[in-house]
Amino acid sequence: MWMLCAALLALGSVQCFSRDSKAVTTTLTTKWPSTPLLLEASEFLAEESQDKFWDFVETVVHISDTDLAYYDLILKRASVLLSPVQLNLLKLALSLRAYSSTVHSFQQIASNEPPPPGCKAFFNIHGQTSCDTERLKVMLDNAVERPKPYLFKGDHKFPSANPDAPVVILYAELGTKEFTGFHQLMLAKANKGLITYVLRHFLSVRIKPFSRVHLSGYGVELAIKNQEYKAKDDTQVQGENDPVDEVQGFLFGKLKTIYPELKEQLKELRKHLIESTNEMAPLKVWQMQDLSFQTAARILAAPSVDALNVMRDLSQNFPTKYFKGTLGLQPGDSALFINGLHIDLDVQDIFSVFDVLRNEARVMEGLRSLLIDTPYIHDILKLNVQPSDSDYAVDIRNPAVNWINNLETDGRYASWPSNVQELLRPTFPGVIRQIRKNFHNLVMILDPTHENTAELISVAEMFYSNNIPLRIGVVFVVNDSDEVDGMQDAGVALLRAFNYIADDVDSQMSFDAIISMFNRVPSGGKLKVEHVVGVLEKRYPYVEISSILGPDSAYDNNRKEGKAYYEQTGVGPLPVVLYNGMPLQREQLDPDELETVVMHKILETTSFFQRTVYLVRIALDFIMNQPNVVPRINSRILSTNRNYLDLSATSEFLSDWVHNKLFFQYDGIIRPVTFWVVGDFDQPSGRQLLYDAIRHMKTSNNVRLGVINNPSENTSNEKSLIARAIWAAMQTQTANNAKNFITKMAKEETAQALYGGSDIAEFAVGGMDVPLFKSAYESPNVNFLLAHSAYCRDVLKLQKGQRAVISNGRIIGPLEEGEVFNQDDFLLLESIILKTSGERIKAKIQQASDLVMKVDALYIRPKEEEVYFDVVAVVDPVTRDAQKLAPFLLVLKQLVNVNLRVFMNCQSKLSDLPLKSFYRYVLEPEVSFMADSSFAPGPMAKFLDMPQSLLFTLNLNTPESWMVESVHTRYDLDNIYLEEVDSVVAAEYELEYLLLEGHCFDVTTGQPPRGLQFTLGTASDPVIVDTIVMANLGYFQLKANPGAWILRLRKGRSDDIYKIYSHDGTDSPAEADDLIVVLNNFKSKIIKVKKKPDMMKEELLSDDTHESDSGFWTSITRYKVLPKDDVINIFSVASGHLYERFLRIMMLSVLKHTKTPVKFWFLKNYLSPTFKEFIPYMAEKYDFQYELVQYKWPRWLHQQTEKQRIIWGYKILFLDVLFPLAVDKILFVDADQIVRTDLKELRDFDLEGAPYGYTPFCESRREMDGYRFWKSGYWASHLAGRKYHISALYVVDLKKFRKIAAGDRLRGQYQGLSQDPNSLSNLDQDLPNNMIHQVPIKSLPQEWLWCETWCDDASKKKAKTIDLCNNPQTKEPKLQAAVRIVAEWSDYDQEIKRIYNNFLEEKERGTTDSYQQTDRKHPGETNLSFSF
């Protein structure tokens, strides 16, 4: 058992040993080439606004001076467009290289064009490319003959007056002379409306072709390894010297150069500094108990300026430093709040926190620009004003609704309890309570002749017949003309038949009859009169049908009322389904999904009723009296796509004119809602909008009203009678008189009289100063009208005569010609503002209505100027969160003004060391430079002066969407032993892929489609990667790099059975089958799929289907394609040089004994660069196939932190998604095994229906009985006489494994058990043994795995494989055991060493290129070979 050591707590002195300083450094670069900072800065500005992007583009010029001058110029140009806080955030964005992926995504898009040969910049016009400006006119002239190109959401589109003009996409690099020439040409044409100009970044020449982007925003852990079992390779490697040689801030490399005469003294000083810092003595248990408090005390005792540095130093180097503190949450928990927003440290990475900072800066600076004091800014920021748009409802207590049933009175529900207290009775989760109350109401507003009506009625019938506690109502919207009767119109016929039967019997019988009518409609057809007549004739053979349906029918109840209710509620196009008055989304009306949606709504609403159970008297009245119920729903008002005026940037027009002269009812009372009505008030539509606004204002004390005239024609006195009258009244009259007069002006009869020649004075209201009014009215000055018109054109972006409503800065419009926006719409708009923000902001700002209006608009769309962030951190200083949080807070403190409070939340009674690793978080506030003004090499994690007697393992802690791999190091990063290192262990990692994650559901069943496959590629190469959907959450992941990709169902059974039904987060229209996904951020995608109608009974993973082998995997294999029955697939994992050495020997032992061709599958995540470099050479020499597979541990699955446990997890948790469907069986063989037989026998072993087979633990070595933990306690009772199996060797029938969802079951059980740190001690072994009742194990014969620890010597001669199990009794090192136990092991080892030495010699001579080049086309190494 290894023992950590500690400093003497009070004095900080340590017991130490004389050693040289050793260091570990880590860098992480991108796979793609470096992108210019100028382009990244432009993308930062584009996220602020496209206007700022184009302003920035206009200001940039290319300079060829130093890197520092180039950087300073970028900041200087950006500072004109950004506030100081934003400029600092730009510095952080450039340091993080946050927009490098965005810039490179355009490069990938450009490569798909492809660029014309020899062009440093080029343009694309509807699919034709060129860099010759002479061809531009010809290409534009014939552009209309070709379709317009696809534009992405992230494209930079120049504001154009002519949206129908040909699209010209310029690919160029900002700042180059090529760009300047093309840009000016495109601008000239765009400003004339001749083209739609789109700019995309394109880099043609690389100054530094091998430079990569150095990333930051990740953590590096140097964990102390358990040395109970020696697992270190004895192969020596040559060291790497550190020219800097830094010890505690002294650069000894430089000092020795400057002062060579002091070499000996410097050596002594260096030794003293090392000895005083890094070695450790054992710590007693009683000393550990208060380590958290002691650490916090040390931090709190430091000056506030240095406290964060002390916290970072103590937490990140905790294995050698300790000290004390107290506060909040559960002891040991951490939390971070920025302006009251909780930042979840487990979920959010630096890039998402950066977005939070940026959004908060916008809001705070906008509030500051309104001259609000800083303390009040933070009060306002903590208000919850976010709108919840989807929960508005209309009142369904209307006579137009034909109720089919009534839960409270109908006899069929008589046996149900009627007491509302039943809501509180416990039930199983998901059970719907049957209570005799109309809690749940479903109203369908239908046109009977619509093609979807029959399907919706059938869903309603299903609810009714299955006694779901749901009251069902229908509103029929039919032709309401008196000239049309039921013998001519099928809709009228159905309505009259419904009413006749309801009068004759009841509504349930009517409902049954219309179901019969729709049953007569052929699939895909529409209801006809004969369908209605047929049912009536059958049910009422002695009644004259024409008396029911004909011109003299008396059964027109609700005919006009139904249509009026539909129009009055404004619920949108038919059909409409309302749940408790709330309209369901259009995509939820698919009959396959409607059932699921309604059931979920019932369950969700039940919890609301449970909370309000004591308020419920009459269920429906209670529901309809909720504040979210409005008379009318307007989709334009409820749209989440909202446009806001920036009211904090008060123009001269607004400040000097609008605020003083725009409003009437300006009585000094603070009103939280401000409406501006915009329209041509000399036109009927404009007057009607104004009249409805005034009528609403008279019913509300919360509203003030302003008017802006937007004339349809050029302004003149003759054509602006009403507008001038309104204006003159507002200029000259009191608020109340002006309001009454303008109300009269808005009436249609007034306008007709005025334009008919009547005198304006005839319409004066009591109390008006008529002479003063007339002098203003008859004035020839029309400047105010011109100002109105200019404001509508330049600020509101309205065309002449267009109508709009501005609500607290939100622009609703332009309204379409004939579009209704009435008094009820103003009520809905007011209710939204009051519900979300208006009243709350009013309560915080006891000033003018103007300020409330501005703050409300700003809260969602603000402006900038420097302010401070309010940051609260709660942290236990000896936790991983503290290791990450301290450096982030230090950087934040350097970047922006912060009011920072850190509360120590310590744990007591610690029995073990809380941190067993050193940690560095790589983050810099700004780009750094060298002394010669060139860019510094990039961010780096440095572990200096590390203890040398310990064994370390290096891990990277990256954002969830990154897949990284080690690409260069001589050392074994899994076993870093600094005593054997000359100076520096330099680890270089590369960001290999960005992860595209998503969730996928079958809308027919609501379940994830297990076995469904997606492919990701481009138009020219459609299958670059593919993936299999997990049943857990329908999760899938694909590997890609920045760019535009096409996501589609894989050809074969996936494409045959399913189609993509809907998607979210992509760049494609809703109905697209092939989805374009632009990968330039890290958000998840939601994909819904649906079975094709003729494939409803087909399953993806059935026993009688076979996935074709002629797909992607086989097409890229180096060797001849072999039938899968002739290949043995062997999976193995390894980490560290020792286990990679064992792995090569295991492979050799397999190849020596197996006659059948072999394909090895290795988990790439933890393989060293050395192994990946050598494996193609070994494959060539021994004639085997291999593939490196990858999978990123999903963020929703409980994370392991120790590398060994992570690797164990990969052995068992992802077997169903790691391999292509074409692989039927896989054998897992541990790296430290020796095979002595042909593994074809194991592959062909009959598992008798079990998904996998394992070998039980041997029980023949009796002296180890005391270590057989499965013989007693939990395991003995759980196994109930069954064997406990070892995970060193197993065979998996992947087809069966997937069919019974074994992977999903294993992950589900793991998710539950892994929350307890004491469970699953041996994860890869305990989990399948724990699941033996749900996922059966076939026990393999004992001879398949022999290991000396558990098996006696007599059974060794029958062994088919020998495993080098750890021996808990002797703790013998692995290498020593291998040589002693396995006679042939040393020979295999020597053979591999000879091959490896040959490889190194060929590499030195440069003759290994053929293997490497071949491998680059191989699925094992690069080019996105396989999705995991």
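All residue numbers refer to positions in the sequence shown, counting from 1. These numbers come from the heavy atoms of this one structure, side chains and all, not from hydrogens, waters or symmetry mates. Since the structure is predicted, the reported quantities are computational estimates derived from the model, not experimental observations.
- Between the side chain of His214 and the backbone N or O of Thr27 there is no donor-acceptor pair closer than 3.5 Å.
- The minimum heavy-atom distance linking Leu973 with Lys1203 is given by the pair O-NZ, 4.3 Å.
- The main-chain N or O of Ser1287 is found under 3.5 Å from a side-chain atom of Gln1325 such that the two form a donor-acceptor pair.
- Side-chain contact between Lys1152 and Ile1234: absent, with no pair of heavy atoms (C-beta onward) separated by less than 4.5 Å.
- A heavy-atom distance below 4.5 Å is not found between the side chains of Glu1391 and Asp1387.
- The backbone N or O of Lys1039 sits nowhere less than 3.5 Å from a side-chain atom of Lys1192 that would complete a donor-acceptor pair.
- A heavy-atom distance below 4.5 Å is not found between the side chains of Gln1200 and Trp1208.
- Shown here are the ring pair (Phe, Tyr, Trp, His ring centres under 6.0 Å) partners of Tyr989, two or more places apart in sequence or in another chain: there are none.
- Here the CG-CG distance, from Asn1129 to Leu1227, works out to 7.5 Å after rounding to the nearest 0.5 Å.
- For the ring-ring contact (aromatic ring centres under 6.0 Å, His included) with Phe1184, the lone residue among Phe1162, Tyr1177, Phe1160 that qualifies is Phe1160.
- Leu1364 approaches Val1382 most closely through the heavy-atom pair CD2-CG2, 4.2 Å.
- Side-chain contact between Met963 and Leu995 is present, with at least one heavy-atom pair separated by less than 4.5 Å.
- The sulfur atoms (SG) of Cys1258 and Cys1347 lie 2.5 Å or more from each other.
- Glu1259 meets the side-chain contact (heavy atoms from CB on, under 4.5 Å) test with Arg1262, Arg1268, Trp1270, Lys1271; sequence neighbours excluded.
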Hey, mind stepping through Phe1399 and Glu1173 against side-chain contact (heavy atoms from CB on, under 4.5 Å) and telling me if it holds? CA-CA 10 Å; Phe1399 165 72; Glu1173 189 181 39; 3.7 Å; yes
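- The minimum heavy-atom distance linking Leu954 with Ala987 is given by the pair CD2-CB, 3.7 Å.
- The salt bridge (Lys or Arg N to Asp or Glu O under 4.0 Å) analysis of residues 1339-1351, with sequence neighbours excluded, yields the pairs Glu1348-Arg1380.
- Going from atom OG1 of Thr969 over to atom CD1 of Ile976 covers 7.5 Å, rounded to the nearest 0.5 Å.
- Closest of all the heavy-atom pairs between Phe943 and Leu222 is CE2-CB, 3.8 Å.
- Partner Tyr1254 forms a ring-ring contact (aromatic ring centres under 6.0 Å, His included) with one of Phe1245, Tyr1290, Trp1344 and no other, that one being Tyr1290.
- Taken to the nearest 0.5 Å, the CG atom of Asn1367 stands 7.5 Å off from the CD atom of Glu1372.
- Between the side chains of Ser1168 and Glu1140, at least one donor-acceptor pair of N or O atoms lies under 3.5 Å.
- A donor-acceptor contact shorter than 3.5 Å links the side chain of Asn1329 to the backbone of His1285.
- Ring centroid separation for the pair Tyr1191 and Tyr1210 does not come in under the 6.0 Å cut-off.
- To the nearest 0.5 angstrom, Tyr1284 atom OH is 5.5 Å from Asn1322 atom CG.
- The backbone N or O of Val1229 lies less than 3.5 Å from a partner atom in the side chain of Ser1132, making a donor-acceptor pair.
- The distance from atom CD of Gln1185 to atom CD1 of Ile1128, rounded to the nearest 0.5 Å, is 12.0 Å.
- Contact between Ala1231 and Ala1134 at its shortest, heavy atoms only, is CB-CB, 4.4 Å.
- Taking the six-membered ring for Trp, Phe918 and Phe952 have ring centres closer than 6.0 Å.
- Inter-residue side-chain proximity for Asp1224 and Leu1294 is flagged as unmet; no heavy-atom pair is nearer than 4.5 Å.
- Remark: side-chain polar atoms of Gln1342 are not paired, donor with acceptor, to backbone N or O of Thr1255 under 3.5 angstrom.
- Annotation: side chain of Leu1289 is not in contact with side chain of Asp1230 (no heavy-atom distance under 4.5 Å).
- With hydrogens and angles ignored, the 3.5 Å screen pairs a side-chain donor or acceptor of Ser1149 with a backbone N or O of Val1235.
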Criterion side-chain contact (heavy atoms from CB on, under 4.5 Å) on Tyr993 and Asn1041, from CA distance to verdict: CA-CA 5 Å; Tyr993 302 114; Asn1041 272 314; 4.0 Å; yes
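- Of all heavy-atom pairs spanning Glu979 and Tyr977, the tightest one is OE1-OH, 2.8 Å.
- Between the side chains of Lys1240 and Thr1156, no donor-acceptor pair is found at a separation under 3.5 Å.
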Does the side-chain contact (heavy atoms from CB on, under 4.5 Å) test come out yes or no for Arg1236 and Glu1384, once each step is laid out? CA-CA 10 Å; Arg1236 290 180 160 179; Glu1384 63 269 34; 2.8 Å; yes
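- At distances below 3.5 Å, not a single donor-acceptor pair connects side-chain atoms of Asp1389 with backbone N or O atoms of Trp1385.
- In this structure the side chain of Ile1392 reaches within 4.5 angstrom of the side chain of Met1178, judged on heavy atoms.
- Legend: residues meeting salt bridge (Lys or Arg N to Asp or Glu O under 4.0 Å) with Glu1241, ordered by chain and number and at least two apart, are Lys1360.
- Looking at Arg212 and Pro33, their side chains come closer than 4.5 Å, going by heavy atoms from C-beta outward.
- Ring-plane geometry between Phe1228 and Phe1131 is classed as perpendicular, the angle between the planes exceeding 60 degrees on a 0 to 90 degree scale with a lower cut at 30.
- Remark: Asp1246 engages no residue in a salt bridge (Lys or Arg N to Asp or Glu O under 4.0 Å) (not counting sequence neighbours).
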Verdict with supporting geometry, Leu1213 and Trp1193, side-chain contact (heavy atoms from CB on, under 4.5 Å): CA-CA 9 Å; Leu1213 289 173; Trp1193 196 289; 3.6 Å; yes
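- Contacts of Tyr1388 classified as ring pair (Phe, Tyr, Trp, His ring centres under 6.0 Å), with partners at least two apart in sequence or in another chain: none.
- A distance-only check finds a donor-acceptor pair linking the side chain of Ser1260 to the backbone of Asp1352 [under 3.5 Å].
- Lys1356 places a side-chain N or O within 3.5 Å of a backbone atom of Ile1381 that can act as its donor or acceptor partner.
- The line from CG of Leu28 to CE of Met940 is 12.0 Å long, rounded to the nearest 0.5 Å.
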